[in-house]
2 protein chains.
Amino acid sequence: MDSVEPDATIEVAPAEQDERTRGRLLRAAVGVFDRKGYAAASVREIVEMAGVTKPALYYHFGSKERLLTAVLEEAAREFARAMERGVRRPGTARERLFAICKDLHGLFQEHVPVVRVAHSVFFGPVEGAPQFDFTTFDRELERAVRQVVEDGQATGEIALSALPADVALVIMGVIGVFATRHLHNGREPLDLDTMRRVLGLVFDGAFGERRQQGEPRQ
Amino acid sequence: MDSVEPDATIEVAPAEQDERTRGRLLRAAVGVFDRKGYAAASVREIVEMAGVTKPALYYHFGSKERLLTAVLEEAAREFARAMERGVRRPGTARERLFAICKDLHGLFQEHVPVVRVAHSVFFGPVEGAPQFDFTTFDRELERAVRQVVEDGQATGEIALSALPADVALVIMGVIGVFATRHLHNGREPLDLDTMRRVLGLVFDGAFGERRQQGEPRQ
DNA sequence: GTCTATACAATGATAGAC
DNA sequence: GTCTATCATTGTATAGAC
């Protein structure tokens, strides 16, 4: 360790170096916040993991709290983009609802650490954590599902007796179960086949047609 | 404040005083753990809220971690009792499943702070928090729902094409949505009428009979 | 922009008197 | 069993050199 000379550092342009440090800090923060929790996470460990020093963190983010906010804002942007893609998809209501669930399932699976951090902050203590509006998550998801259900009712695919808000609740419940499964270490995640079967269960309740017992899928 | 004399303290038997201190500490701990989170909660504030001093806490529980464990163990016992009551209930599968959901909904609503603490620890960081087996919660709930579904299939009330495990997932999802609603401050809780409608949606998918569109309830 | 070195408050836990 | 007083450690954040 002692033999490593500082001049061995790869030279980069100042602007690149800047973005590099920010990125390293953000990624390190997600890791430490996830492992220790926001409150128990120390800036010491974060800068250590990022390979920078404390003043660098305070230069770029100002405080530990605003570092967390930056992490969450980036995650929120990505979530909103995925949500938008889901609603615009073509197909039957069934297909579109399954697509939304599948997309979110994949999105969560690919970003388990940051999702876990967001989850902890959302359901976490009111004092100590920064105020961050997570309700947009729920609201956007609910609005998307309701939109698809209403479209399905307009085409006659879904019975008018089912309240779109109720269907949205069930769908959000299913997404919640699947999401929380890979949120907690030690519980094996559920696969997409299971999701398809479970959603089929919900659809055959909310939708007009119904399979006979033992009848093959297609 | 200064004029309050120590001899104004109500005299109690030693054993009573003992239980009194333990109880005060447990209740204070739930409040502070809930408001600040386990990591950010200080033993100073806990003993202040309980009206005792630090050595009293360490005498009764040994550490902050074991105090949290004591809180969770008490909650786990109550949860297990409610779960057992739910499964033993008589009636149709529909009625029994609704009863389980309603009971849990009420139980969570009555104990929001401790449920929030348990939730945070379960989904919280792996380091720093004490190891506590929460998977029994999920497992007991899943086992209970599956049992009821299998009973319903045996009597012909529920179609054999529905996998009990899948139905359990949906039911757990619904319970999750309703529970998380009053877990987070600022979101209005859902009522029992909504729960009944939402479960009806699920049942009419999993169960054999199906209402015609627009047909009245009974 | 990034470093070394440090200020300063708060923490969990304990010793020892009563 | 409960107290007062205190310890060692760790926390966030900053001053000032480069």
Side-chain angles (χ1 to χ4, degrees), chain A residues 1-2 4-26 28-29 32-33 35-70 125 127-130, chain B residues 2 4-26 28-29 32-33 35-71 125 127-130:
Chain A
M1 289 286 193
D2 302 338
V4 175
E5 296 293 325
D7 39 335
T9 307
I10 303 153
E11 273 193 29
V12 289
E16 279 184 42
Q17 171 77 342
D18 200 74
E19 202 50 47
R20 212 186 170 85
T21 304
R22 275 189 68 96
R24 291 181 67 89
L25 277 168
L26 282 171
V32 180
F33 286 154
R35 216 175 52 249
K36 301 278 184 107
Y38 171 73
S42 72
V43 301
R44 276 222 239 285
E45 186 171 352
I46 293 172
V47 298
E48 218 165 88
M49 295 286 296
V52 300
T53 56
K54 265 188 280 186
L57 186 156
Y58 284 94
Y59 173 81
H60 284 284
F61 297 98
S63 71
K64 178 183 159 186
E65 189 168 311
R66 288 180 49 196
L67 174 59
L68 172 61
T69 303
E127 295 179 29
Chain B
D2 305 337
V4 175
E5 296 292 324
D7 39 337
T9 308
I10 301 153
E11 273 194 28
V12 289
E16 279 184 40
Q17 171 77 341
D18 203 71
E19 204 49 48
R20 211 186 169 83
T21 304
R22 276 188 68 96
R24 292 181 67 89
L25 278 168
L26 283 171
V32 181
F33 285 155
R35 217 175 52 248
K36 301 277 184 103
Y38 171 73
S42 71
V43 300
R44 278 227 237 287
E45 186 173 352
I46 294 173
V47 297
E48 218 164 87
M49 295 285 297
V52 300
T53 57
K54 263 191 283 186
L57 187 155
Y58 284 94
Y59 172 81
H60 284 283
F61 297 97
S63 70
K64 178 182 158 186
E65 188 168 311
R66 287 181 49 198
L67 173 59
L68 171 61
T69 303
V71 167
E127 295 180 30

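Within every chain, numbering begins at 1; the chains are lettered A, B, ... in the order of the sequence lines, protein sequences first and strands thereafter.
At whole-Å resolution of the value, CG in Leu68(A) and P in dT12(D) are 13 Å apart. For the pair Arg20(A) CZ and dT2(C) P, the interatomic distance rounds to 11 Å; values are reported in whole Å. dG1(D) atom C1' lies 12 Å from atom CG of Leu25(B), rounded to whole Å. Arg22(A) has its CZ atom 16 Å from the C1' atom of dT2(C), to the nearest Å. When the C1' atom of dT10(D) is taken as reference, atom CD1 of Ile46(A) falls 15 Å away, rounded to whole Å. For the pair Glu48(A) CD and dT4(C) C1', the interatomic distance rounds to 15 Å; values are reported in whole Å.
Across every non-hydrogen atom of Arg66(B) and Gly62(B), the tightest pair is NH1-CA, 4.4 Å.
Counting only distance, with no hydrogens or angles, the side chain of Lys64(B) and the backbone of Tyr58(B) share no donor-acceptor pair below 3.5 Å.
When side chains are defined from C-beta on, Phe33(B) counts as touching Ile46(B), because their heavy atoms get closer than 4.5 Å. Using a 4.5 Å cut-off on side-chain heavy atoms (C-beta onward), Leu67(A) and Val43(A) make no contact.
Not one side-chain nitrogen or oxygen of Tyr59(B) sits closer than 4.0 Å to the OP1 or OP2 atom of dT2(D). An OP1 or OP2 oxygen of dT2(D) is reached within less than 4.0 angstrom by no side-chain nitrogen or oxygen of Thr53(B).
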So if I define the base as every atom that isn't primed, P, OP1 or OP2, how would nucleotides 11-18 of chain C read as a B/S/- string at a heavy-atom cutoff under 4.0 Å?
BSBBB---
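Atom NE2 of His60(A) sits about 7.5 Å away from atom CZ of Arg22(A), to the nearest 0.5 Å. Here the straight-line distance linking atom CZ of Phe61(B) with atom CG of Leu26(B) works out to 4.0 Å at 0.5 Å rounding.
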